[in-house]
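Here's the structure, in structure tokens; my notes come after.
Proteins get letters first, then strands, A, B, ... in listed order; numbering begins at 1 in each.
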2 protein chains.
Amino acid sequence: MAATSPPPTLTAERILEATEEVLRRHGPAKATVVDVARALGVSHGTVYRHFRTKAALREAVTKRWLDRTSAALSGIVAEDRAAEDRLRAWLAALFEAKRRKAGDDPELFATYMVLVDENGPAVAGHIADLTGQLTRIIADGTASGTFTVSDPAAAARVVFQATGRFHDPGYAREWERPEADGDFASLVDLLVRGLR
Amino acid sequence: MAATSPPPTLTAERILEATEEVLRRHGPAKATVVDVARALGVSHGTVYRHFRTKAALREAVTKRWLDRTSAALSGIVAEDRAAEDRLRAWLAALFEAKRRKAGDDPELFATYMVLVDENGPAVAGHIADLTGQLTRIIADGTASGTFTVSDPAAAARVVFQATGRFHDPGYAREWERPEADGDFASLVDLLVRGLR
DNA sequence: CAGCTGACAGATTTCAATATCTGTCATTCC
DNA sequence: GGAATGACAGATATTGAAATCTGTCAGCTG
């Protein structure tokens, strides 16, 4: 498993890439720091020079992975459309992104679920990030009179929690069921009605 | 651990009581059919005369346990109050009942969670039961004009799913956090507004 | 004879010995 | 001298043998 090009310098980024690859191949339970080092052609001591612990490495990989989702969604927040449309699009995109990740990268997704279980800061940060995006949409809607909400941040929290079934990894199994899309649409309708 | 009174006849009910006791004491992982038989002073073959498999026994215990919650809630459905009040009271009672069970009987609760994981019919039945109760309240509210809902059953499904964070055992850890009650109240407000 | 028993086969769990991994650090290498 | 190494101690995971459990059933018992 030699690298395709001679390794220039060992950066944190290169380690994260290799770790993601190892995780994808072996899954979270069987992916060791030694494996990552071997994939990079270095000793495992070197990896510890960049990440203090295995947990920190796992967390960094997950953060990178989660940030890709956040970035995609933040595009929707910035779009020039009615707040209600953005809210619907944003929630749909979140559901779709999670569903796709669970299906495409089951091993990485399992790693993410381990982190959720451990209450890792990366997950807390991700949730804070997403809730922040939601807050912005809802605040916009409140400003324009579409929504009637006294505390947009609290409303965002509630909307995020209420839609948990469609983005919380614990429910991943349900996402493939045929009723999922219909249930999701009904839920979003109910929540939007409640915000108006 | 001799029985307090001489065993009259071995009924399914007596087995369920003993099983619940064993589960409470040993937890779901370490509670064996042999233990249950020993607690009853019979051979384990006898237990198998009443329950075909260990899974069936576990399921029956859980069902009995869940039915106690359902029965308590069905009282609220039948009360003579406005639908909105009943909806709020019902959801609050559900949250409170689950929270109490998780705190008081952690071992039995763990058994319940195993069942949820296995997608046992007892759990599906319990959910169907609860959703049915919700449907009745929402249908009442629709009839009286408080709620505006085209399909009360679908609305009940959505309300149940949206409040999952406050009754799904997977979230049990969150129920003790101080924000839980506030979040719950906000969520119920939002949902009630959406139903009107 | 209806209900219960206990021995049994196969599946699962436990346990302890062994191997591997994590995280540190004195030393080596460019 | 800054980056990487690899030997090491303690923690964790793997493994395979022994013990226990599940589910069956021929026979005992009242």
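Straight-line distance from the CZ atom of Arg58(A) to the P atom of dT22(C): 10 Å, rounded to whole Å. Atom CZ of Arg38(B) and atom P of dG6(C) are 13 Å apart (whole Å). With rounding to whole Å, Arg14(A) atom CZ is found 15 Å from dA3(D) atom P. Look at NE2 on His26(B): it is 14 Å from C1' on dT20(D), rounded to the nearest Å. In this structure, Lys30(A) places its NZ atom 7 Å from P of dC21(C), rounding to the nearest Å. Going from atom OH of Tyr48(B) over to atom C1' of dA7(C) covers 15 Å, rounded to whole Å. Look at CG on Asp35(B): it is 15 Å from C1' on dA19(D), rounded to the nearest Å.
Evaluation of the salt bridge (charged side-chain N to carboxylate O under 4.0 Å, His left out) rule for Glu13(B) yields Arg64(B) as partners, not counting sequence neighbours. Contacts of Ala143(A) classified as side-chain contact (heavy atoms from CB on, under 4.5 Å), with partners at least two apart in sequence or in another chain: none. In this structure His167(B) satisfies the ring pair (Phe, Tyr, Trp, His ring centres under 6.0 Å) test together with Phe160(B), sequence neighbours excluded.
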Taking only N/O atoms, report every protein-nucleotides 4-13 of chain D pair under 3.5 Å with atom names and distance.
from: dT5(D); atom 1: OP2; to: Ser43(A); atom 2: N; distance (Å): 2.9
from: dT5(D); atom 1: OP2; to: Thr46(A); atom 2: OG1; distance (Å): 2.5

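When heavy atoms are screened at a 4.0 angstrom cut-off, Val34(B) is found touching base atoms of the nucleic acid.
Annotation: ring-ring contact (aromatic ring centres under 6.0 Å, His included) contacts involving residues 64-89 of chain A, sequence neighbours excluded, comprise Trp65(A)-Tyr112(A).
One finds no salt bridge joining Arg100(B) and Asp105(B) here, because no Lys/Arg side-chain nitrogen approaches an Asp/Glu carboxylate oxygen to under 4.0 Å.
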For residues 71-82 of chain A, tabulate all N or O donor-acceptor pairs below 3.5 Å that involve a side-chain atom, not counting sequence neighbours.
from: Ser74(A); atom 1: OG; to: Ala71(A); atom 2: O; distance (Å): 2.8
from: Glu79(A); atom 1: OE1; to: Arg81(A); atom 2: NH1; distance (Å): 2.7

